[in-house]
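Input: a single structure, listed below in structure tokens.
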Protein chains: 2
Amino acid sequence: MTFPMALAIIEDQAPIRETLNEYLCAQPEFQCVLTADSVEGFLHALPAAARPPQLILSDIGLPGLTGIQGLPLIQERLPEAQILMLSVYADAERVFQALRAGAVGYLLKNTPLAQLKEHLLQVAAGGSPMSPGVARYVVQAFAGHPVPPPMLPLESLLPETLTSREMEIVRGIEDGLSYKLIAERHHISLDTVRNHIRAVYRKLQVNSKGELMAHALKRRPH
Amino acid sequence: MTFPMALAIIEDQAPIRETLNEYLCAQPEFQCVLTADSVEGFLHALPAAARPPQLILSDIGLPGLTGIQGLPLIQERLPEAQILMLSVYADAERVFQALRAGAVGYLLKNTPLAQLKEHLLQVAAGGSPMSPGVARYVVQAFAGHPVPPPMLPLESLLPETLTSREMEIVRGIEDGLSYKLIAERHHISLDTVRNHIRAVYRKLQVNSKGELMAHALKRRPH
DNA sequence: GCAAAAACAACATCTTTATGTCATGGCGCC
DNA sequence: GGCGCCATGACATAAAGATGTTGTTTTTGC
């Protein structure tokens, strides 16, 4: 394995992306050749990269194509690359989807930077790093267990629960109202509506009204 | 009946609102005391009106509360006012909903301005103007007919049918994609997506992505 | 073949959203 | 009492969406 490894980062949230980029780039083992805020952006910027990425660290909750949906597209272009998923979700469904789609590992976003670096080195060495709670699903699945559904009490951030105020705001969105009308409906300021929406987006891992409603469309019609 | 009558107009589309306002204000029989682009806006602006409106001309396809949903709210504030609905919809369902909610008449939007004025005067005189196709529903309902469902071949604009291209675009919206991603998905320009969306909005009588998706949320989950 | 409809596209302008940053008061909890 | 979370609010900027106008090229129905 030659060093430094060519690394790419796909993460929509700018501050997180910058933090990852700055920390990992500072390591002698890695060379960040590309960062993107979406799978689409990544594929588009690929030709401009100094070297083809060997390691890709990709978020799952991305605008447009999700990280999981993007996996096959990336592998088509970069068959050699190893892709490590990063997510706030710790549910068995997503973990399996990601691994079936070809991810080599699955880390939660609360992983400290230093550990993240170690995990990336493990990947380069042929390993498959998993956050502790995540690994259990895989082990259980291999053991033939049916994966107990309420088996996810890692108090890490699964589909984080919305506060009642936040759910009221979401209801307004689902009714097709604008922020302004929601503000009037609840007698609060436009800025406050924005702040609640912001919290909802973070918790549900979406980045637009459209995605939020698509979310509702997918789960509401049971 | 004292003249001029105090008239209010609720219509979200600015050009239509302006046309109505300019034409009707120019008539000696009417004094436009208020125009609004939504029921919410109307109620908010009410205290500032020179006189309480006696006649209200309200669109049905409004952002936020629909004209029908807004009817009871308006009547609560203005028990004396007579409310005439204006719509591009000519389906029995909406007509009955509007009349049950307390509208005194139901006109289609293709009604010429001169006739509209006459209809408003009829309202003031205690009449209940209906566009020709609309009146039939009411008559049939009174006659005890079960209102034949495919009885609406007035080639006026009922829930207009979307073209297949438009449905593809809507599907993209429902998937939570941005216009840009939809354009990429179908290999067309951003402006073309906007144009299709524009046509969809007109046909479905909505004014925002949010309303469009709320529309989908309401009809999809059955 | 002609007229209507549909698909495509560009350009302007204004509004709404998305996101970053910062701040205050209330509440529950160890 | 301090810490974290919640609700509220403001200010700023950049991106996305809504809407008006206009034009070309294909379909498609009669």
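Bear in mind that the values here come from a model prediction, so they are computed numbers and not experimental data. Side chains included, hydrogens not; waters and symmetry mates left out as well; all remaining heavy atoms used. Lettering follows sequence order; numbering is per chain, from 1.
Atom CD1 in B/I169 sits roughly 13 Å away from atom P in D/dG17 (whole-Å rounding). Rounding to whole angstrom units, CD1 of residue A/I173 and P of D/dG17 are separated by 14 Å. The separation between A/I188 atom CD1 and D/dG9 atom P is 6 Å, rounded to whole Å. A straight line from CD1 of B/I197 to P of C/dA7 spans 13 Å, rounded to a whole angstrom. Following rounding to the nearest Å, A/I182 (CD1) and D/dT8 (C1') show an atom-to-atom distance of 16 Å. Summarising the geometry, the separation between CZ on B/R17 and P on D/dT19 is reported as 12 Å, rounded to the nearest angstrom. The interatomic distance linking B/M167 (CE) with C/dA6 (C1') rounds to 13 Å, in whole Å. One atom, NE2 of A/H187, and another, P of D/dA7, lie 17 Å apart when rounded to the nearest Å.
Of the candidates D/dT19, C/dA10, C/dT16, the closest approach to any side-chain atom of B/Y201 belongs to D/dT19. The side chain of B/H196 lies closest to C/dA7 when the candidates are C/dA7, D/dA7, D/dG9. Checking C/dT16, D/dG9, C/dC8 against the side-chain heavy atoms of A/S178 singles out C/dT16 as nearest. In this structure, of C/dT16, D/dC6, C/dT17, it is C/dT17 that holds the atom nearest to the side chain of A/R194. Here the nucleotide nearest the side chain of A/N207, chosen from D/dA10, D/dA16, C/dT19, is C/dT19. Closest to the side chain of A/R165, out of C/dT16, D/dT8, D/dA10, is D/dT8.
Considering CG of A/L71 and OG of A/S58, their distance stands at 6.5 Å, rounded to 0.5 Å. Atom-to-atom distance recorded for B/L62:CG and B/D59:CG is 4.5 Å, nearest 0.5 angstrom.
Taking each heavy atom of B/I169 and B/H196 in turn, the nearest pair found is CG1-CB, 3.9 Å. Residues A/L78 and A/P53 come closest through the heavy atom pair CD1-CD, 3.9 Å. Here the closest non-hydrogen pair linking A/A36 and A/G41 is CB-C, 4.0 Å. Shown here for B/N21 and B/C32, the closest heavy-atom pair between the two residues is OD1-SG, 3.2 Å.
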Below 3.5 Å is the cut-off: list the nitrogen or oxygen pairs between protein and nucleotides 20-23 of chain C, distance only.
| from | atom 1 | to | atom 2 | distance (Å) |
| --- | --- | --- | --- | --- |
| C/dG20 | N7 | A/R198 | NH1 | 2.3 |
| C/dG20 | N7 | A/R198 | NH2 | 3.4 |
| C/dG20 | O6 | A/R198 | NH2 | 3.1 |
| C/dT21 | O4 | A/R198 | NH2 | 3.4 |

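At the heavy-atom level, A/T192 lies under 4.0 Å from base atoms of the strands shown.
Put simply, A/K180 has a side-chain N or O that comes within less than 4.0 Å of OP1 or OP2 on C/dT16. Side-chain N/O atoms of A/T163 include one lying less than 4.0 angstrom from OP1 or OP2 on D/dA7.
Two residues, B/L190 and B/E166, neighbour DNA chain C, and the one matched to the more 5' nucleotide by heavy-atom proximity is B/E166.
At least one donor-acceptor pair closer than 3.5 Å links the side chain of B/Y201 to the backbone N or O of B/K209.
Residue pairs satisfying the salt bridge (charged side-chain N to carboxylate O under 4.0 Å, His left out) criterion with at least one member in residues 182-197 of chain A, sequence neighbours excluded, are listed as follows: A/D175-A/R185, A/D191-A/R194.
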